[in-house]
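Note that these values count all heavy atoms, side chains included, but never hydrogens, waters or copies made by symmetry.
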Amino acid sequence: MSPPLPTRPDYLAFGRPDFSDAEIDAVARVLRSGWIGMGQETVAFEQELAKAVGAPYVVTVDTCTSAIFLSLVAEGVAAGDEVITPSLTWCATANASIYLGAKPVFCDVDPATFCVTPESIARRITDRTKAVVIVHYAGYAIDVKALRAALPARVKIIEDAAHAFGSRYADGTPVGSSGNLTCFSFYANKNLSTGEGGAVALFDEEKAARIATLRQNAQAADAWKRFTHANTVLLPGIRELGYKMNYTDLQACIGRKQLARQPEFAVRRRAIAERYARALAGMPQAERVQAGATDARHARHLFVVAWDPQKLGRSRNDFLLELRGRNVGASVHYLPLHLMPYYRDIDPAKLEVTEHLAPRIMTLPIGAAMTEADADYVVTHLRDLLAIQEKAHEV
Ligand SMILES: *Cc1c(COP(=O)(O)O)cnc(C)c1O
């Protein structure tokens, strides 16, 4: 018998961000400046983001959840409307509609891309459908041109691009440049991380101004202008209910450095994804890897594999726990919403592909701070755990 494989002493978290002295120095500079709220750093970050995603306007907000919520408001979604979303997503995608009194309606995904399709959405459209919030799952960019052509013109498309900063559509243009309101997340483990944060990229100047106003209690002038210019006291006054959903310079200064480092991060993510894909191609227990996972257009926010539980010889959950026992931070994205008690009561949908994938999918660790040696560690332990199972079957 060969000796057991050594286990690394530290836990390999599934999406560890990478912060360098550049980010740390930027924070120190903003702290010393005396203004850490929303101000000139935020404005500069918004302009740099707009350039990066190919949209004329970017409005930052406190979270991607708020970005989706304010996008729905800007698109006129209100109480009683239906908003179609995948079930295979983070709860925020659906919650944003519920906050407005609208009803999330869950649709299925494609078995290869794990993303919604024109057909899966069409099956759930009714007279009350006001919008769809699509998710570029794991970083796979949905063909939004084909989707726009397939949907009735009255149905607004909002893109949840929380996984897709840096992804490109089929025609090579960046996610964010489609003309749809496109929402990004700068949450702790996202590709561009500032701890918390979000943004809406869009082409409509009026909607951009409305979102920019709504994010700061519907006050038209920026707080920093009121802070720095003693003269701007003659404000027009609040015209509608606003929210406190603004971003801050303390975060924006981190975001600007993270944005500049995206090419460096992309190279690392790509190398890790390619290693995983190559190894999994030789594992018959792997039913499939998400389509496009090694494609240059994919931001590789998540690396998702679906296991065959029969060939695996145990449940995905048990396999996940075995991996975690080896300090591999594998995870699941996601437990489908329509199978959770709260959302099942709202829309008890029957979604064949999503329910097939639910007990099979696993996210392997991938992140800007991960090395190729870390990826090799994951592969070695996947192989070892699968071999142990095969041996157990032989006796
Ligand atoms: C992370 C995430 C969100 C929410 O982002 P926050 O910035 O944490 O609000 C929304 N949708 C998806 C698919 C996500 O992964």
Report yes or no: do [X] and [Y] belong to one cluster of Ile/Leu/Val/Met/Phe/Trp/Tyr joined by side chain heavy-atom distances under 4.5 Å?
X	Y	answer
Tyr343	Leu72	no
Ile361	Ile142	yes
Leu259	Val175	yes
Leu337	Val135	no
Val27	Phe45	no

Any non-hydrogen side-chain atom of [X] less than 4.5 Å from a side-chain atom of [Y]?
X	Y	answer
Thr129	Ile84	yes
Thr363	Val332	no
Phe106	Thr85	yes
Glu41	Val30	yes
Asp18	Phe265	yes
Thr63	Tyr187	no
Arg344	His338	no
Arg8	Asp374	yes

Look at [X] together with [Y] and state whether they make a salt bridge at an N to O cut-off of under 4.0 Å.
X	Y	answer
Arg124	Asp347	yes
Glu264	Arg261	yes
Glu240	Arg210	yes
Arg215	Asp62	no
Asp25	Lys257	no
Glu75	Lys207	yes
Arg275	Asp376	yes

Intermediate values then yes/no, side-chain contact (heavy atoms from CB on, under 4.5 Å), Val109 and Cys115: CA-CA 5 Å; Val109 292; Cys115 286; 5.5 Å; no

Stepwise side-chain hydrogen bond (donor to acceptor under 3.5 Å, both in side chains) test for Glu322 and His381: CA-CA 10 Å; Glu322 288 170 40; His381 281 270; over 6 Å; no

Cys107 to Ser120 - nearest heavy-atom pair and separation: CB-O, 3.5 Å

Shortest non-hydrogen separation from Ala92 to Thr65 and the atoms involved: CB-OG1, 3.4 Å

With a 3.5 Å cut-off and no angle check, do the side chains of [X] and [Y] form a donor-acceptor pair?
X	Y	value
Thr354	Asp108	yes
Arg269	Asn191	yes
Thr194	Tyr247	yes
Glu46	Thr60	yes
Thr173	Asp171	yes
Asp110	Thr117	no
Gln258	Glu23	yes

Criterion side chain to side chain donor-acceptor pair (under 3.5 Å) against His136, the qualifying member of His301, Glu159, His298, His163: Glu159

Arg297 NZ/CZ over Tyr169 ring centroid, <6.0 Å and within 45° of normal: no

Evaluation steps, side-chain contact (heavy atoms from CB on, under 4.5 Å), between Ile121 and Ile134: CA-CA 9 Å; Ile121 291 171; Ile134 62 167; 4.0 Å; yes

Between the side chain of [X] and the main-chain N/O of [Y], is any donor-acceptor distance below 3.5 Å?
X	Y	value
Ser193	Ala188	yes
Ser167	Ala299	yes
Arg288	Ala286	no
Arg324	Ala330	yes
Gln216	Thr213	no
Asn180	Ile158	no
Trp35	Met38	yes
Arg148	Pro152	yes
Asp204	Glu206	yes
Ser97	Asn95	no

Within a reach of under 6.0 Å around [atom1] of [X], are more than 12 heavy atoms found that belong to other residues, nucleotides or ligands?
X	atom1	value
Ile36	CD1	no
Phe319	CZ	yes
Asp10	CG	yes
Arg239	CZ	no
Arg128	CZ	no
Tyr342	OH	no

Parallel, tilted or perpendicular: ring planes of Tyr334 versus Trp90, cut at 30 and 60 degrees: tilted

Intermediate values then yes/no, ring-ring contact (aromatic ring centres under 6.0 Å, His included), His333 and Tyr137: CA-CA 9 Å; His333 295 86; Tyr137 178 87; 8.0 Å; no

Verdict with supporting geometry, Ile388 and Arg383, side-chain contact (heavy atoms from CB on, under 4.5 Å): CA-CA 9 Å; Ile388 288 170; Arg383 286 208 180 105; over 6 Å; no

Pair Glu82-Lys130, salt bridge (Lys or Arg N to Asp or Glu O under 4.0 Å): steps then yes or no: CA-CA 6 Å; Glu82 292 180 359; Lys130 179 80 180 185; over 6 Å; no

Arg270/Glu274 under side-chain contact (heavy atoms from CB on, under 4.5 Å): CA gap, chis, key distance, verdict: CA-CA 6 Å; Arg270 182 172 191 169; Glu274 281 172 357; 3.2 Å; yes

side-chain hydrogen bond (donor to acceptor under 3.5 Å, both in side chains) evaluation trace for Thr93 with Asp160: CA-CA 7 Å; Thr93 315; Asp160 177 345; 2.9 Å; yes

The single option from Arg316, Arg360, Lys311 passing salt bridge (Lys or Arg N to Asp or Glu O under 4.0 Å) against Glu287: Arg360

